[in-house]
Number of protein chains: 2
Amino acid sequence: MNIADQTFPAVDNANEDRAQAIRDQLRDAIVDRRLAPGTKLSEGEVGTLFDVSRTVARAALQMLSFEGLVRTERNRGAFVANPSPEEARQVFASRRLIEPGIAIAAAGRMTPAHVVAFKAQLDEEGRFIAERGPSARRSEIKASGDFHLLLASVAGNVILQRFMEELVARSSLVIALYGRSGVSSCGHSEHMNILEALENGNSERASALMLHHIDHIEADLDLRVRSGPALRQALEF
Amino acid sequence: MNIADQTFPAVDNANEDRAQAIRDQLRDAIVDRRLAPGTKLSEGEVGTLFDVSRTVARAALQMLSFEGLVRTERNRGAFVANPSPEEARQVFASRRLIEPGIAIAAAGRMTPAHVVAFKAQLDEEGRFIAERGPSARRSEIKASGDFHLLLASVAGNVILQRFMEELVARSSLVIALYGRSGVSSCGHSEHMNILEALENGNSERASALMLHHIDHIEADLDLRVRSGPALRQALEF
DNA sequence: CCAAAAAAGATTGCATACGATTTTTGCGGG
DNA sequence: CCCGCAAAAATCGTATGCAATCTTTTTTGG
């Protein structure tokens with residue numbers, strides 16, 4: 001998979017920052033695996049694709065590098081991140097630490113409008129699971145992450161929300177690399193259970209369910225070091 | 001306080017990234033309040049001060065903007081962040097959620113070498129408290145934050161560690177703006193108690209002490225909206 | 001004398017240029 | 001046929017220039 005094979009919707013060049021728009025496009029592409037871990041993202045190529053100068057492309061790549069989605073090597077360029085098993089463990093350890101707390105905070109702030117938003121979210125999730133094809137699979141991955149992001153937004157802490165965005169994106173990379181069954185379809189029912197607890201204002205239960213949910217996601221990974229992880233890394237793939 | 005009044009140690013222009021070195025210098029200056037919240041950081045000025053082009057200065061400012069230490073407005077420039085009371089609350093809510101867990105993780109990984117490092121850290125902290133003068137006060141603030149960063153590094157999760165760096169830096173800004181007594185000197189003894197619990201491997205106690213410690217820091221803040229916060233913001237001060 | 005408009009000045013956003021470093025290619029020797 | 005080495009190409013790091021935007025000062029009309 002090469003970045004040159006990708007097509008990106010035209011950037012709605014408003015007064016908004018163009019670099020940010022490019023970052024969002026690239027992040028989406030990374031998160032739903034249209035760009036594989038290890039793919040090289042050269043400044044020139046990105047710039048050409050989005051029709052901006054290298055200056056702007058570089059800024060976008062720098063942003064992604066801060067989020068941990070891209071790794072940059074001096075004088076060599078930027079690559080879609082290739083998280084190690086250790087890094088993967090740390091991503092999930094972070095989520096185990098934070099998300100139960102987020103669930104508690106969210107439980108105390110749920111409004112009927114939130115419930116409606118969650119229901120719509122879960123419906124969409126279910127639709128993509130029912131569908132077939134790689135495109136639906138990608139959408140399913142994204143929707144699954146969006147559930148957690150929606151929860152974070154309900155919790156009402158912008159700082160934690162941004163951090164969760166980073167963690168969810170990185171999780172997606174990790175699952176792409178180490179996932180056994182792609183997406184655990186049991187995740188959907190767990191999401192529904194969590195929503196039910198949230199609806200009832202049962203924060204303790206929501207928190208406990210969330211913790212188990214994260215454990216289940218991580219349990220679906222195969223984090224044993226593969227034959228020659230150094231080699232893998234060296235081969236950039 | 002103006003950025004032009006500042007002096008910065010020469011950047012050890014190794015093969016290391018120069019933008020990163022500048023970011024570190026600026027971050028230190030912001031964290032120990034040599035640069036006041038609201039101070040304008042123009043690209044040209046920063047570039048001149050560090051003897052680099054605007055390109056590099058701009059990259060450094062972008063990094064700080066990601067960490068939340070600098071706020072950038074399009075076509076207007078970068079300013080040392082001026083966190084709102086709400087933002088301040090969110091910073092401490094995040095710390096309350098994360099640091100007790102970090103304490104638990106650290107308690108399980110303490111080695112004699114770590115204990116030595118902590119003792120040295122606390123000694124330094126104590127020295128600055130004893131000293132007088134604004135310079136010692138600044139060092140005290142920094143040392144107080146460094147305790148928390150040391151703890152995060154012992155916990156062994158790089159992702160959380162980076163996040164803690166952001167939170168500690170932002171806390172420093174918040175304390176600068178809303179702190180009643182500058183630095184609560186009782187913080188030092190609380191740090192010592194936490195270390196004691198860590199040394200004994202009493203993770204539960206370390207976690208509980210940490211939670212109270214954060215509560216105490218936040219309790220020392222005056223987060224009531226001041227007369228005309230909008231005005232304050234509008235006047236950039 | 002004051003308010004609004006206009007001009008001048010400063011600063012940012014972005015593109016481009018050039019030297020430095022890395023990677024690839026071409027070629028001769030083993 | 002394969003390997004090492006030098007030249008060429010590609011890519012990055014950084015400085016600089018120009019247009020666009022914002023700020024400040026000056027001018028002008030009431």
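Chain identifiers are assigned alphabetically (A, B, ...) following the order of the sequence lines, protein sequences preceding nucleic acid strands; residue numbering begins at 1 within each chain. Side chains included, hydrogens not; waters and symmetry mates left out as well; all remaining heavy atoms used.
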ring-ring contact (aromatic ring centres under 6.0 Å, His included) against Phe66(B), all qualifying residues, sequence neighbours excluded: Phe66(A)
Side chains of Arg137(B) and Arg132(B) in contact at under 4.5 Å (non-hydrogen atoms): yes
Do side-chain atoms of Arg109(B) reach the backbone of Val154(B) as a donor and acceptor pair under 3.5 angstrom? yes
I need the residues from residues 55-66 of chain A with at least one non-hydrogen atom less than 4.0 Å from DNA chain C; give them sorted by number, or say none. Thr55(A), Val56(A)
Residues that Glu87(B) engages under side chain to side chain donor-acceptor pair (under 3.5 Å), provided they are two or more places apart: Arg170(B)
Distance, rounded to the nearest Å, where Phe50(B) contributes CZ and dA15(D) contributes P: 14 Å
Is the count of non-hydrogen atoms from other residues, nucleotides or ligands lying under 6.0 Å from Arg96(B) atom CZ greater than 12? yes
Partners of Ala176(B) by side-chain contact (heavy atoms from CB on, under 4.5 Å), sequence neighbours excluded? Arg33(B)
Taking CZ from Arg18(A) and C1' from dA20(D), how many angstroms apart are they, rounded to a whole number? 12 Å
Between His191(A) and His148(A), how do the two ring planes meet: parallel, tilted or perpendicular, split at 30° and 60°? perpendicular
Atom pairs, N/O to N/O, protein against nucleotides 5-11 of chain C, distance under 3.5 Å?
none

Gap between atoms CG and C1', on Asp17(B) and dG13(D) respectively (whole Å): 9 Å
List the residues meeting salt bridge (Lys or Arg N to Asp or Glu O under 4.0 Å) with Arg138(B), not counting sequence neighbours, and say none if there are none. none
How long is the line joining CZ of Arg54(A) and C1' of dT14(D), in whole Å? 9 Å
